[in-house]
**Q** 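Let me give you the structure first, and then I'll get to my questions.
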Number of protein chains: 2
Amino acid sequence: MTPEQIIAALKQLMAEGDAPGKVLTDPSDLATYGTDWTRIYTPNPVAIVLPKTTEHVQSLVQFANQNNVALVPSGGRTGLSAGAVAANGEVVVAFDNMNQILDFNASDRTVRCQAGVITEQLQNFAEKNGLYYPVDFASAGSSQLGGNLSTNAGGIKVIRYGMSRDWVAGLKVVTGKGDVLDLNKDLEKNNTGYDLRHLFIGAEGTLGFITEATMKLSRQPDNLTVFVLGLNDLGSTMDVLNTFRSKLDLTAYEFFSHQAMNHVLAHGQVKAPFDTEAPYYALLEFEAVSEQVMEQAMELFERCMENGWVLDGVISQSETQAQSLWLLRERISESIAPRIPYKNDISVVVSRVPGFLEEINQVVSDHYPDFEIIWFGHIGDGNLHLNILKPEDMAKEDFFEKCQKVNKWVFEIVERYQGSVSAEHGVGMTKKAYLQYTRSEAEIAYLRGIKQVFDPNGIINPGKIFD
Amino acid sequence: MTPEQIIAALKQLMAEGDAPGKVLTDPSDLATYGTDWTRIYTPNPVAIVLPKTTEHVQSLVQFANQNNVALVPSGGRTGLSAGAVAANGEVVVAFDNMNQILDFNASDRTVRCQAGVITEQLQNFAEKNGLYYPVDFASAGSSQLGGNLSTNAGGIKVIRYGMSRDWVAGLKVVTGKGDVLDLNKDLEKNNTGYDLRHLFIGAEGTLGFITEATMKLSRQPDNLTVFVLGLNDLGSTMDVLNTFRSKLDLTAYEFFSHQAMNHVLAHGQVKAPFDTEAPYYALLEFEAVSEQVMEQAMELFERCMENGWVLDGVISQSETQAQSLWLLRERISESIAPRIPYKNDISVVVSRVPGFLEEINQVVSDHYPDFEIIWFGHIGDGNLHLNILKPEDMAKEDFFEKCQKVNKWVFEIVERYQGSVSAEHGVGMTKKAYLQYTRSEAEIAYLRGIKQVFDPNGIINPGKIFD
């Protein structure tokens, strides 16, 4: 089919039903909808479709199978691994117009959402109904639920609330073969054969499209209270984590380096938590539900001071102060953005973080002593965001070339530590060449086999995760 | 191959390596290892193998593929759906001698176990190390971890701690093709393609054998406190659940009928919680971590009394009293066992429990007014155990025949309520004919497709879940 024929056919499909979908072909739309936050590949879709219903999506998949047209899913386009990029003349299926909250059950604490519902929209809906959707991260204002689930997004509260996966009661999907499946029927307990729901979560849209999800909600947290602690050394992050976790249910345990904080402070509007300088900082959050819990937390803090793990610390006295302490962590990405950071999102088991981080520091500084390394991340989950800043006087191309070498060294260390080359951003296209550092060849063969079952013609998001 | 040739070959395989495995062919062993708690099918295995290592299991699978021999996994043999029954001349692979705890990491709070580790062994190990393994159920003293994971076992603490699935950091499996896969490498966060770990969990051993699992542990619960409440009617179970859950993190929310309690009291050694009679009872458990939490719980209790949902109630004042209140729920199965109960383990979304239960009551009592129905279960998860007792003067065969009719009516109601024909016991052979009441034909076709990927020769636990 020629592009013109494809576009004409898509327009006909989107006219079906009571609520018509849309087809966009304007160059600026193609550029916008054809990419994500990676900006590495040049977007080149043939058209953008904005379906309104699951039936539209099913028609699109049937059409794509009949005519060998490749489809690429598009959510909030906040991805960091080019999982939703259309660089090869694909048709983009964007869920922006499937953004309705369809149903809410206060007793079951579940909310049925179309795939295009924005994370923040769900968070706000939960709050308005006296409940809480605990999956939260920097892109919550624009990321969509379908995309969150396709990458099993994590974020800042994983240590207490788990990943997106843990909040899915049911999914409606259209497989690559064009079948509509209602997965798990929103049940808490259902032991009737393989749980296909968990196969679609984290599949980066390569098995089919998620069109609806029933999400669970939680009770609202009570009096969230934040410690920021200056740590003596990296090993202390583990001692402090173990000490607090033995007595309290932490809702967050984040960390950042002195360098990271310096960038935030230089960026302005945020002030240092205390005068003492420390090489690393930890941010702990917990529910201070009673005086007793607060006393316990203070005791744990003192124990950490006495053991020399913590050099100094501050505890929030109000919600406002808690929020301003969070800025020390939340503003890092923004403050280093002008320095064009090379980013990597990697993980190991929690106890191995210190050794892992030191080895990466070593290999980078041995080869490139002028590279500034910024570490931060969800250390309570073993998830580190490695950011290397471009030296001011180095050409961009030169820097990126060197970073490709760094990639290889980093992933070799990841492999040796039995870690993951992508903790929460997915594989997409940017990590595809490094998949074998985390998954064995035998495992990858099974991934391909499963892809074949759900998408035998290879029309759904081809070339993502593996070729 | 003749049975004799198979046995000779198995003996050779089990002699490999430093730690030799065993082959059993004694008729009493065949009978013991060839079945589970269902006792419906006559066990008829050709031999029992007791491997010692993952390498043994891999050799067995390779042998089975080369010689078209069917293998059936066997754990603690406490299954209730004939998922681990060898009725057709299969070789049973029993994990009783792969029962070692291999590794423990206090900092990561993970413990690496062989598949044959017994649930209680893991619970005790956790406790000895100041931690907690929260998945608990009646068969904890003999069920094995591999079996728990293969049925994604739930139990009495799901409302707070989730299912077995939620505690798995990593799995070592031998697929039906004979590949050894290390799934998820024990990582908290790992977003590198389809999560095969979740595919093996709940697969009832039809995709391959789980040989090791790294399980997460939790902090120990603090001052667990129990309410037993007499409820005004079935609808009140939901009001009470919602009231308590809005302010407290419940660790259990169980229910049982007046009839169920009567059997427990008649069975002896347990006394009624209070004098007031109620049609239904709820057992709530929570961590009374402070005076404030306790005051809050009492306020919630009073609110439930004022609204007429609760007729009477008692709260435990000590650990001993909490344990004796739990007996009211835990002793039900044992107390009705002499009456040869027809059992069913079904679920719906929580809010639909009252209507669902009433409809089943109605259809059973309309057709068989002399059948005594005993209800109990994990109502906080929408999971009900339906037990129908054989009238004293009815022949066993007659009763079972009538129960087959009941099955059909119950599952039609399950289908209409979008529920599950097996909430936590699995499909195995006993629910195979009813799978389509919960999973669509299209879904079942994908299950078959996945089976084909992992076990193309159909040698691993054939005839379970689907044919």
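Numbers restart at 1 for each chain; the letters A, B, ... are given by sequence-line order, proteins then strands.
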**Q** Heavy-atom pairs under 4.5 Å with chain B are the metric here; pick the option from A:V350, A:I465, A:D108 that has the most.
**A** A:D108
**Q** Flag the one option from B:I159, B:I444, B:D249 with the top tally of heavy-atom pairs under 4.5 Å to chain A.
**A** B:D249
**Q** If we define contacts as heavy-atom pairs under 4.5 Å, which of A:K177, A:K247, A:E291 has the most with chain B?
**A** A:K177
**Q** So which of A:N152, A:T175, A:V289 has the biggest tally of heavy-atom pairs under 4.5 Å with chain B?
**A** A:T175
**Q** Quick one: what part of A:V180 sits under 4.5 Å from any heavy atom of chain B, side chain, backbone, both or neither?
**A** neither
**Q** With a 4.5 angstrom heavy-atom cut-off, which part of A:K464 approaches chain B: side chain, backbone, both or neither?
**A** neither
**Q** Give the C-alpha distance, both sets of side-chain angles, the deciding distance and a yes or no for side-chain contact (heavy atoms from CB on, under 4.5 Å) between A:R245 and B:R219.
**A** CA-CA 8 Å; A:R245 198 159 59 158; B:R219 73 163 173 78; over 6 Å; no
**Q** Taking all non-hydrogen atoms of both residues, which atom of B:S420 and which atom of A:T192 are closest, and how far apart?
**A** OG-CG2, 3.5 Å
**Q** Identify which part of A:F200 has an atom lying under 4.5 Å from any heavy atom of chain B, answering side chain, backbone, both or neither.
**A** neither
**Q** Nearest 0.5 Å please: distance from the OG atom of B:S290 over to the CD atom of A:Q296.
**A** 10.5 Å
**Q** Going from CG on B:N190 to CG on A:D381, what distance comes out if it is rounded to the nearest 0.5 angstrom?
**A** 12.5 Å
**Q** Taking side chain as everything from C-beta outward and backbone as N, CA, C, O, which of these in B:F454 sits under 4.5 Å from a heavy atom of chain A? Side chain, backbone, both or neither.
**A** both
**Q** Determine the option with the most heavy-atom pairs under 4.5 angstrom with chain A, choosing from B:D345, B:I346, B:L241, B:T206.
**A** B:T206
**Q** Working to the nearest 0.5 angstrom, can you tell me the gap between A:E424 CD and B:K189 NZ?
**A** 3.5 Å
**Q** If I take atom CZ from residue A:R439 and atom NZ from residue B:K185, how far apart are they, to the nearest 0.5 angstrom?
**A** 8.0 Å
**Q** At a heavy-atom distance under 4.5 Å, which candidate from B:M163, B:E204, B:R109 has the highest pair count against chain A?
**A** B:R109
**Q** Select one option (side chain, backbone, both, neither) describing which atoms of A:N105 are under 4.5 Å from chain B's heavy atoms.
**A** side chain
**Q** A side-chain contact here means heavy atoms from C-beta on lying under 4.5 Å apart; do A:V349 and B:T110 qualify?
**A** no
**Q** Please classify the contact of B:V158 with chain A as side chain, backbone, both or neither, using a heavy-atom distance under 4.5 Å.
**A** side chain
**Q** May I ask you to test the A:Y194-B:H198 pair for a side-chain heavy-atom distance under 4.5 Å?
**A** no
**Q** Taking all non-hydrogen atoms of both residues, which atom of B:V427 and which atom of A:G193 are closest, and how far apart?
**A** CG2-N, 4.0 Å
**Q** Using non-hydrogen atoms only, which part of A:L447 is less than 4.5 Å away from chain B: side chain, backbone, both, or neither?
**A** both
**Q** Quick check for you: among B:G426, B:S218, B:G449, which has the greatest number of heavy-atom pairs under 4.5 Å with chain A?
**A** B:G426
**Q** Go through B:H425, B:E188, B:Q418 and name the one with the most non-hydrogen pairs under 4.5 angstrom from chain A.
**A** B:Q418
**Q** Do B:D179 and A:Y446 make a side-chain contact, defined as non-hydrogen atoms from C-beta onward lying under 4.5 Å apart?
**A** yes
**Q** Which region of A:H378, side chain (C-beta onward) or backbone (N, CA, C, O), has a non-hydrogen atom less than 4.5 Å from a non-hydrogen atom of chain B, or is it both or neither?
**A** side chain
**Q** Side chains of B:D195 and A:L199, heavy atoms from C-beta outward: is any pair under 4.5 Å?
**A** no
**Q** Is A:E443 in contact with chain B via its backbone, its side chain, both, or neither, using a 4.5 Å heavy-atom distance?
**A** both
**Q** Any side-chain heavy atom of A:I450 within less than 4.5 Å of one from B:L196?
**A** yes
**Q** Non-hydrogen atoms of chain B under 4.5 Å away: do they reach the side chain of A:D166, the backbone, both or neither?
**A** side chain
**Q** Rounded to the nearest 0.5 Å, what separation is found between the CG atom of B:N191 and the OG atom of A:S347?
**A** 9.5 Å
**Q** Nearest 0.5 Å, what's the OG-CG distance between B:S107 and A:N242?
**A** 4.0 Å
